[in-house]
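Structure record follows, encoded as C-alpha cells.
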Amino acid sequence: MAEENPAKESCIRIAEELPVTAVDYINQENWNSFFTSKGADDFCEWYADWPQIRTSLKNLLSFPLFQPLPEEVSILVPACGASRLSEHLYDEGFRHIASVDFSKVVIQAMMKRNIRARPEMKWRVMDITDIKFPSGIFDAIVDKGGLDILMDSEHGPRSGPLSYISEVKRLLKAGGLYICLTLAEPLVLDLLFSKFRFGWKINLYTISDEASPGTTTQQTFMLVAEKSIFTVVSRIVPSMDVSFVETQGIQVDELLEALKRENTIREEYSKSTDKWYSLEELKQGIKGNIGVIESGRVIKLFLGETGISRFFYTCVLLDAPPETGPFSKQFLVLFLQKSQVSQKILASEFQQWLVLQSFKAARLLIIVLDCSYFRVNPVGIGEDTGYCVNELCQVGNGDTNAEFTAEDDTIEGIKQNKIVHQVSSVLTGQIIVEDVIYNQSQDITFRRLYFERTESLMHSEAPLSTEAFRQKKGKPKKIDSHASIGVKVVEHQILTTGFHKGVIAGLLLFSTHSKRTTKAGGLVKTVIIGLGPGILPMFMRNRLPSLKIEVVELDPVVLNVASNYFGFTEDERLKVHITDAIKFVREKANSEADGSKVDLLIIDVDSSDSSSGLISPEADFVEESFLLTVKDSLSDKGLFIFKLIPKHYFTSMRASVYSKLKRVFSNLYHMYVDDGFVEIIFGVKKEGPVELDEVCKALERSLLGNYKMHPWINNVLHDSKLIKPLVLP
C-alpha cells in the first residue's frame, strides 16, 4: 500500500473547497467563510513552496541597493492568505514584514499563530487595491499569486489589477523590487510588461518544478521589477535555460511570444533618437525650469506618476513664443483620441505649433489617449491626470489653472459625421463605415473606412456624388426603380488620400516598361494586396485602361463592405481573390508559365498586430524572406509599392525596414505624404539606376496617354517630383 501523504491530502481537500467562480475570488465574504472553516495551522502553498524560492528570494532581498542587514529591509506581502511565505522570510532574518489580506478571518488566525514566535511581524486587514500605508516605505513587495487572483476576477485588468499595480508603484522606494510569483498567463504578462515599461528594469525567472505535494502542476515564474526614478526602457532577458524551454508546452510558448512582442516595443523606445521624458525628470530640470514658459520649447513626455495615476499617457508639451500672443489661455490641456489626426500631431512639430496657435494658448499639453482608455469616463481621465497636470501648472509667480478640452473633430475639421455601417469580422475585427462633412469641403460628403484594430486610423475615403449629375451626355443611365434621382454614390474618378495619389505618381518608375508592354498589345499585370473599400483598384481600372488588376484579400467580409457601401464591382480587368497574400505571391514567384510574373505589386494593408511596431504594413510583409519572394514574382522591370508607417514614429523601426529592403532591391525610392505621416516605398526590380528626371514626363505619354490633360494628371505629375532615391541613414 502506498504511503499516505497528509500534506497532499490537505491541499487537495482545500482546493476542492476553494471559491470556484471568478467573481468569488474577489468576494470578501466568501474568503472569510473559507478561512473560517480552516484552523490557523491548516494552510497550503498554491504555487511554489519555500524550498523552491528560498535561495532566489534571499539573493534578491540582499541586493546591494538595500541596507546590508536583512532586519533593515522593509517587505510587504500582499494577499498573504494562509501562506507561510511571511513566516519563512521572518525566520531568514527579515524582521520588517507587513502582511495584508482583506479577509479579517485569516489575518486574525495568522496573528494568533505568530504573535509569540514572531512578535515583530505586522498583520493588517486591507484590500490590496487600496493599501493604507504611506508612499515609498517598502524596499520590496513579494506577491505570491495575488495578481493572478485579481486577473481571474470578472472585472479584468481595467479595475482591480490596475489599482493594485498603482499601489505597488506608490509603495515602493526608488530602487525597490516588486517580486511577483505568477503562472505568467498572457493577460497577466501583458499587464505587467506594459505597466512596468517606463522607469522599471524587469527580469524573469523560472522556479524549480520540483513542487511540494499538492502545489500547482503549472510552471511558476518569478517576475522582478526594479523601480528607477528615470524613464529607462530596458530589454527583458529571461533566466531560462534551453533544456527547460524545450521540455515545456503551451504555457512557456505563450510566455516567450509575449516576451518577444514586448522586447520589440522596448527596443523601439530604447534606440529612439527622439527622446521622451518623465515628469520626474522634468522636475529635476533636465529640460530647463518647467515653472517658466520658455519660448519655443517642445517636450515629448510620458505623463503618469507611478502609483498615483492609473495609466501612462503619451504627451507633448509646448511653450509658445511671446510674439505669437496675445493669449486667451495661459495653460490648455488637450485630450485627443488616438487617430490619424493625433498620430500626425505627435509626428510633426509643425502640426503641433498649428494646434497651439489655433487655441491661442501660452502653454499647451497634448495628451493622446489610445484604445485602452475607451471605456474610461472622460471625467475619470481628467482626475487621473490631475496630479501630474498640476505639476506643470506652476508657471510664473503663482499657480495657473489648466483648462481641459477634447477637440478631435475640431482639429480634423469635421463639421458632421455619421456611422453608416458597422460589422465585426473574425479575421479583421470591427469594421466601420462613416460619412463625414469637413468644414472646408463645401458640404461635400466623404465616405470613410476604418479598421478598429488600427486604433481608428482611417484606411481611405472617397467623395460621394449625386447619381443624377454623373450621367453622361446622351442616353440617361438606368437607375434602380427603388432609388431616387438624388441618391449619392461613391466617386471612383478621383483620389483624395495621399497614399493613393502617391501610388499613381510612383507609376512613373514603371512607365518606360509599361509603354513597351502596351504598344505590344499587352496589359500591365497588377496585383494589389488589400482591398479595403476598393477605391484604389476602381480608380486604376477606370483611369488606366492598360492595367489588368488582381486584388488579394483575406477577409470576405471586407469584400462585402466594399461592394455594398463603396460601389466596388469586378469585371474582366478587375478580379478579387479571397486568399492568403503570401501564398498568392509565392505562387506567382514559383510559376514557370509565360506571362505569370507581376508588373506592379502594391501592398495596401495595415498591421493587425499592435505589438509589431508598425501601423502599416503587416510585419510579415517587410520580412526579408517575403521581400525576396516579391522580387521573384516581379517581371524584369517590375515595381513594388507599399506604405510604411511606424507605430511610434521612431527611426529604429524605419531603419530596420530600410536595411531589409536594401538587401533585396538595389533600386529604392520613397516619398512622404500626409504631412510626413505616411512614407511610400518604391522598389524597382531593374538593377541599373533609374534617372527620375528623364522619366517624369513618360508617365503622361505611356499609362496616361489615352487621356487629355485632366486636372488630376497635373496633380499626379506634380506629386511625382516628390519621389527621391531612398538612402540608408
Side-chain angles (χ1 to χ4, degrees), residues 272-279 281-283 285-304 312-370 373 378 381-382 384-415 438-440 456-457 648-650 672 674-678:
S272 169
T273 59
D274 201 0
K275 176 65 177 173
W276 294 70
Y277 299 92
S278 70
L279 181 60
E281 289 172 306
L282 297 186
K283 288 163 64 178
I286 197 168
K287 292 292 288 182
N289 184 0
I290 61 170
V292 176
I293 293 180
E294 184 178 300
S295 176
R297 178 167 53 185
V298 181
I299 304 173
K300 292 186 176 181
L301 67 149
F302 295 111
L303 196 62
F312 271 100
Y313 301 86
T314 303
C315 311
V316 178
L317 180 71
L318 301 105
D319 286 346
E323 59 269 21
T324 61
F327 304 113
S328 59
K329 303 174 181 67
Q330 187 71 4
F331 185 17
L332 178 69
V333 181
L334 174 65
F335 294 102
L336 297 178
Q337 291 295 331
K338 198 163 189 179
S339 64
Q340 182 166 348
V341 175
S342 60
Q343 288 288 315
K344 288 181 183 178
I345 291 171
L346 282 183
S348 169
E349 282 193 18
F350 176 74
Q351 292 284 331
Q352 294 160 15
W353 288 118
L354 287 180
V355 173
L356 177 67
Q357 292 173 22
S358 69
F359 284 104
K360 294 294 182 182
R363 169 170 283 184
L364 175 67
L365 178 67
I366 302 173
I367 301 179
V368 177
L369 310 176
D370 63 30
Y373 314 101
I381 294 292
D384 193 41
T385 57
Y387 171 80
C388 300
V389 169
N390 287 338
E391 294 289 324
L392 300 172
C393 285
Q394 313 298 313
V395 179
N397 296 324
D399 293 354
T400 299
N401 292 325
E403 297 184 37
F404 294 80
T405 187
E407 293 284 347
D408 285 352
D409 291 349
T410 301
I411 292 173
E412 195 171 5
I414 294 177
K415 181 187 297 185
Y438 298 104
N439 288 327
Q440 306 300 323
S456 299
L457 185 71
H648 298 291
Y649 228 82
F650 291 126
Y672 290 95
D674 291 339
D675 299 318
F677 179 67
V678 176

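Quantities reported herein were computed from a predicted structural model and do not represent experimental measurements.
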Separation between CG of Leu318 and CD of Glu294, rounded to the nearest 0.5 Å: 12.5 Å
Closest heavy-atom pair and its distance - Gln352, Val316: OE1-CG1, 3.5 Å
Exercise: identify the closest heavy-atom pair between Lys329 and Phe359: NZ-O, 3.7 Å
Heavy-atom closest pair, residues Asp319 and Leu356: C-CD2, 4.5 Å
Reference residue Leu365; test side chain to side chain contact (heavy atoms under 4.5 Å, CB included); the match among Leu334, Leu301, Leu332: Leu301
Minimum side-chain heavy-atom gap Leu317-Arg363 below 4.5 Å: yes
From Phe327 atom CZ to Ile293 atom CD1, the distance as rounded to the nearest 0.5 Å: 7.5 Å
Exercise: identify the closest heavy-atom pair between Gln330 and Ala362: O-CB, 3.5 Å
Partners meeting side-chain contact (heavy atoms from CB on, under 4.5 Å) with Ser295 (sequence neighbours left out): Pro321, Pro322
Spatial distance of atom CG (Leu364) from atom CD (Gln357) [nearest 0.5 Å]: 11.0 Å
